[in-house]
Amino acid sequence: MKIAIIGLGLIGGSLGRTIVKKTNDQVYAFDVDKKAMLAGRLLSAYHEELTDENIKEMDVVFFSLYPEVLEKALIEYCPKLKKGCLVLDGCGNKRRVVRQMKELSSIYPDLKFISTHPMAGREFSGVSHSTATLFEKASMILVPVKAELRTISWLKEYSLCLGFGSVAITSAEKHDEIIAFTSQLAHLVSSSYIKSQTAEQFMGFSAGSFRDMTRVARLSPEMWAQLTVDNSDFLVKEIDSIIANLEDYKNALKDKDLDKMKKLLSDGNEKKLISEKMRRSKGNDAK
């Protein structure tokens with residue numbers, strides 16, 4: 001099978017390295033950044049460069065691009081693809097790209113479209129920080145747009161073969177609603193937390209909790225600005241919720257209400273235990 005990866009960043013590069021390592025499929029890649037292409041070649045993220053000539057031979061094309069760049073790339077590349085080619089993307093939001101994929105599927109009825117979200121990442125970006133193990137035990141989310149059941153089933157099994165721990169199939173609306181909480185809110189909270197003046201004095205006074213809270217404050221501002229603004233409706237609701245919860249803690253502290261603080265912390269602890277139990281019980285179901 002011939003697989004093309006357009007965009008050799010952290011995700012695209014890691015996907016290429018994983019496919020090269022774990023399968024016999026041929027990987028073709030393209031990035032406008034020649035340095036990324038060179039690094040990808042040295043890291044074995046692909047076998048051959050993707051060109052206007054060989055793109056007609058691809059069975060699968062995976063776009064690993066920022067949302068705004070993706071829209072232009074889909075318009076550019078879809079006319080060049082062969083009948084039956086499977087078009088995938090890895091964007092962090094789904095409603096916008098799925099709308100475009102639906103429009104393109106009516107223009108190019110011989111193409112298949114599934115929007116995906118590999119739930120993995122690092123605080124570093126770029127192909128130089130890619131790894132062939134980035135997706136180990138991670139979750140792959142699939143949002144089918146236009147593809148028969150056997151294609152969806154194949155992509156699910158292929159994802160598991162690449163090392164993903166689970167595969168979830170959902171709608172674009174549900175994806176964006178949940179991702180606002182599980183991913184985007186976490187990045188904004190981390191970014192807000194590290195802005196405290198006290199953070200400048202952390203040396204010698206920090207342990208695991210500080211590292212955990214600040215890890216995802218290191219990010220790509222361009223990418224995360226696009227993702228958060230694009231999903232602002234769901235994200236604003238989550239921000240309102242966390243502000244309300246923090247107000248409860250603040251009021252308990254101002255009132256020096258020990259019982260209230262114990263209750264708030266107990267509730268949070270219980271929520272965490274419940275979420276861990278759900279994760280363990282449903283982990284296998286997601287496969």
Side-chain angles (χ1 to χ4, degrees), residues 9-11 13-14 90-93 117-126 128-141 163-166 168 175-229 231-232 234-253 260-283 286:
L10 175 66
I11 298 298
S14 295
C91 276
N93 293 333
H117 189 178
M119 292 299 295
R122 302 178 66 190
E123 59 268 39
F124 307 104
S125 60
S128 297
H129 295 288
S130 65
T131 72
T133 58
L134 185 67
F135 307 115
E136 291 294 330
K137 299 182 180 180
S139 175
M140 169 63 96
I141 302 176
F164 285 92
S166 64
H175 171 277
D176 288 359
E177 178 184 9
I178 298 177
I179 288 299
F181 172 70
T182 61
S183 177
Q184 294 167 357
L185 179 66
H187 283 77
L188 294 189
V189 169
S190 182
S191 182
S192 301
Y193 176 77
I194 197 62
K195 292 176 182 177
S196 169
Q197 291 184 352
T198 312
E200 300 172 5
Q201 309 169 47
F202 81 93
M203 290 297 293
F205 293 84
S206 66
S209 56
F210 179 81
R211 290 192 298 272
D212 291 344
M213 278 291 293
T214 59
R215 183 181 68 82
V216 293
R218 181 166 181 173
L219 43 70
S220 167
E222 180 181 357
M223 181 182 75
W224 282 97
Q226 287 187 35
L227 290 174
T228 54
V229 171
N231 205 30
S232 60
F234 285 128
L235 190 50
V236 166
K237 290 180 182 179
E238 294 299 339
I239 292 174
D240 286 341
S241 176
I242 199 169
I243 287 174
N245 289 329
L246 286 172
E247 284 289 342
D248 288 339
Y249 288 102
K250 185 176 76 171
N251 291 333
L253 291 170
K260 179 65 173 178
M261 181 56 73
K262 286 181 179 179
K263 178 65 166 59
L264 291 170
L265 293 172
S266 178
D267 288 345
N269 183 66
E270 184 63 25
K271 288 284 188 181
K272 175 60 176 175
L273 292 175
I274 291 173
S275 68
E276 286 297 308
K277 185 180 294 185
M278 290 175 61
R279 181 182 62 82
R280 289 193 295 269
S281 65
K282 293 185 177 181

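When reading the values below, keep in mind they use all heavy atoms of this one structure, side chains included, and skip hydrogens, waters and symmetry mates. The model shown is predicted, which means the values in this text are computed figures rather than measured ones.
Within the 4.5 Å cutoff, the side chain of Met223 has no heavy atoms near those of the Leu219 side chain. In this structure the side chain of Leu273 never reaches within 4.5 angstrom of the side chain of Lys277, judged on heavy atoms. Counting only heavy atoms from C-beta outward, the side chains of Leu235 and Leu188 approach each other to under 4.5 Å. The shortest distance between side-chain heavy atoms of Arg215 and Arg211 does not fall below 4.5 Å.
A parallel orientation is assigned to the rings of Phe210 and Phe202, their planes being inclined by less than 30° (bins at 30° and 60°).
Closest non-hydrogen pair, Phe135 versus Ile11, comes out as CZ-O, 3.8 Å. When all heavy atoms of Cys91 and His117 are compared, the pair lying nearest together is O-CG, 3.9 Å. Taking all atoms of both residues into account, the shortest heavy-atom contact from Ser190 to Met213 is OG-O, 2.6 Å. Minimum heavy-atom separation, Lys195 to Ser191: CG-O, 3.2 Å.
A donor-acceptor contact shorter than 3.5 Å links the side chain of Thr131 to the backbone of Leu134. Of the possible donor and acceptor atoms, one in the side chain of Thr228 sits under 3.5 Å from a partner among the backbone N and O of Trp224. Judged purely by atom type and a 3.5 angstrom limit, Asn251 uses its side chain to pair as donor or acceptor with the backbone of Glu247. The backbone N or O of Ala132 lies less than 3.5 Å from no partner atom in the side chain of Ser14, so there is not a single donor-acceptor pair. Not one N or O on the side chain of Ser196 forms a donor-acceptor pair closer than 3.5 Å with the backbone of Tyr193.
Ionic pairing of Asp267 and Lys271 is not present here: no N-O contact between side-chain nitrogen and carboxylate oxygen is shorter than 4.0 angstrom.
Side-chain contact annotation: Asn93 with Gln184, donor-acceptor N/O pair under 3.5 Å present.
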